[in-house]
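Accompanying notes for the structure given below.
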Amino acid sequence: MTEAAAIAASRWMGRGDKNGADGAAVDAMRLVLETVPMDGMVVIGEGEKDEAPMLFNGERIGDGTLPQVDIAVDPIDGTRPTALGRGGALAVIALAERGAMFDPGPCVYMRKIAVGPEAAGRISLELSPAENLREIAKAKRTTVADLTAIVLDRPRHEELIDQIRSAGARILLITDGDVAGAISTAWRDSGADVLFGVGGTPEGVIAAAALKAMGGEIVGRLWPRSDKERAAALAAGYDLDAVLTTDDLVRGDNCFFSATGITDGELLRGVRYDGTGATTHSLVMRSRTGTVRVVEARHRLEKLRQFQLLGPG
């Protein structure tokens, strides 16, 4: 599914058309999803804010047979980098047993912290960034000065960035894609130790599925952007003071996660083309077994055209 979405989206890389790239990825992902033997419910989809005609929240997908599963999709985590030809864009999907995934409802954003296995159980939203960094450094048997914190480059994070700098840690600012940022904290060769800041709630749910398989941890608290969003969340019964753990975001221990690189990033290489085919680079994970696979796949161009996965050019 993610290979198909990545291939379709990569044809739009650098063309400056976010909607064209996203539409191609959605169409390709849904084309494959329809063939899967499952009764799937899209819990995290393109969403109302995207006016998505497909892969919207609540859509049923699959061939209708068992098992019943929740699905979280982000056909492009990083539409802007894809459109501008920048790095770090991924196609991602997560599946879990029916009823396992947290439904964000009207809460589009959450404050979150994510770490890898060594620091799992040591982070808290009640601690300051400096205190969290000290706990992570202890868990990893290193110093705060040797830690690297990933933060989305947004005006809302100016104070957070100042606090991290004052604590003495290094910072990697990313323009988009905090799913990849969260996963990288649990990926040994990424060089990242912790993700701080406010990012998408849907992305938090998807990242939780991956971190379950990798032994990492994510904690978060819903972050309404306006009084209207706060009122809608309270009316729907959401506790805005509650701390959401990895197990709150994805319950149980039987979830799957897959990500395929669209453009080159710290985690995955983007789609490569030559005269005969395309090469994709993916991560595939299952929480029950704790298995993380790195998959390099080769795709023949004539077959991609047959399944209408090649767009412009």
Side-chain angles (χ1 to χ4, degrees), residues 9 12-14 16-19 21-22 47 49-50 74-92 104 107-116 119 123 125 128-130 132-133 136 144-187 189-208 210-211 216 218-226 229 259 261-270:
W12 294 82
M13 186 182 79
D17 187 348
K18 291 171 57 177
N19 292 335
D22 194 50
K49 68 184 177 64
D50 298 313
D74 197 347
I76 303 183
D77 179 38
T79 51
R80 181 167 53 180
T82 301
L84 296 178
R86 295 175 179 166
L90 304 175
V92 298
C107 301
V108 179
Y109 284 89
M110 66 187 296
R111 186 179 302 279
K112 58 183 104 165
I113 310 174
V115 291
I123 55 173
L125 290 173
S128 69
N132 274 299
L133 287 165
I136 295 167
V144 171
D146 290 329
L147 298 180
T148 298
I150 296 180
V151 181
L152 275 169
D153 189 5
R154 300 288 187 273
R156 62 178 178 264
H157 289 149
E158 288 180 1
E159 182 179 351
L160 170 63
I161 290 168
D162 287 341
Q163 291 176 324
I164 296 171
R165 286 174 175 161
S166 295
R170 301 183 300 170
I171 298 177
L172 175 62
L173 292 177
I174 58 174
T175 58
D176 298 270
D178 69 349
V179 172
I183 296 170
S184 68
T185 65
W187 190 248
D189 297 327
S190 74
D193 299 288
V194 57
L195 170 80
F196 283 116
V198 174
T201 308
E203 287 82 356
V205 175
I206 294 172
L211 289 170
I218 183 169
V219 294
R221 182 180 285 125
L222 298 176
W223 191 80
R225 296 172 295 174
S226 64
E229 195 168 285
I262 299 171
T263 62
D264 287 347
E266 298 293 328
L267 279 178
L268 295 167
R269 296 189 302 274

Between the CD1 atom in Ile76 and the OG1 atom in Thr82, the distance rounded to the nearest 0.5 Å is 4.5 Å

Tightest non-hydrogen contact, residues Val198 and Arg156, listed as O-NH2, 2.8 Å

Heavy atoms of Ala114 and Leu211 approach each other most closely as CB-CD1, 4.1 Å

Q: Evaluate side chain to side chain contact (heavy atoms under 4.5 Å, CB included) for Asn132 paired with Val115, printing each intermediate quantity in order.
A: CA-CA 10 Å; Asn132 274 299; Val115 291; over 6 Å; no

For Ile150 and Gly181 the tightest heavy-atom approach is CD1-O, 3.6 Å

Closest heavy-atom pair, Ala169 versus Leu133, reported as atoms and distance to 0.1 Å, is CB-CD1, 3.9 Å

So CG of Leu268 and OG1 of Thr263: to nearest 0.5 Å the spacing works out to 10.0 Å

So Val108 and Arg225, side chain to side chain contact (heavy atoms under 4.5 Å, CB included) or not? Walk me through it.
-> CA-CA 8 Å; Val108 179; Arg225 296 172 295 174; 3.6 Å; yes

Got a salt bridge between Asp178 and Lys112, using NZ or NE/NH1/NH2 to carboxylate O under 4.0 Å?
yes

task = Check whether any side-chain N or O of Thr201 sits under 3.5 Å from a backbone N or O of Cys107 as a donor-acceptor pair, and report yes or no.
result = yes

- Query: Does CD in Gln163 sit with more than 12 non-hydrogen atoms of other residues, nucleotides or ligands closer than 6.0 Å?
  - Reply: yes

Value for CD (Glu229) from OH (Tyr109), rounded to nearest 0.5 Å, stands at 9.0 Å

May I ask you to decide whether Asp176 forms a salt bridge with Arg154, counting only side-chain N to carboxylate O separations under 4.0 Å? yes

Tightest non-hydrogen contact, residues Thr175 and Arg80, listed as O-NH2, 3.4 Å

One should read off an interatomic distance between Ile113 CD1 and Thr185 OG1, to the nearest 0.5 angstrom, of 11.5 Å

One should read off an interatomic distance between Arg170 CZ and Asp146 CG, to the nearest 0.5 angstrom, of 7.0 Å

Correct closest heavy-atom pair for Phe196 and Pro129 would be CZ-O, 4.0 Å

Value for OG (Ser184) from CG (Asp189), rounded to nearest 0.5 Å, stands at 11.5 Å

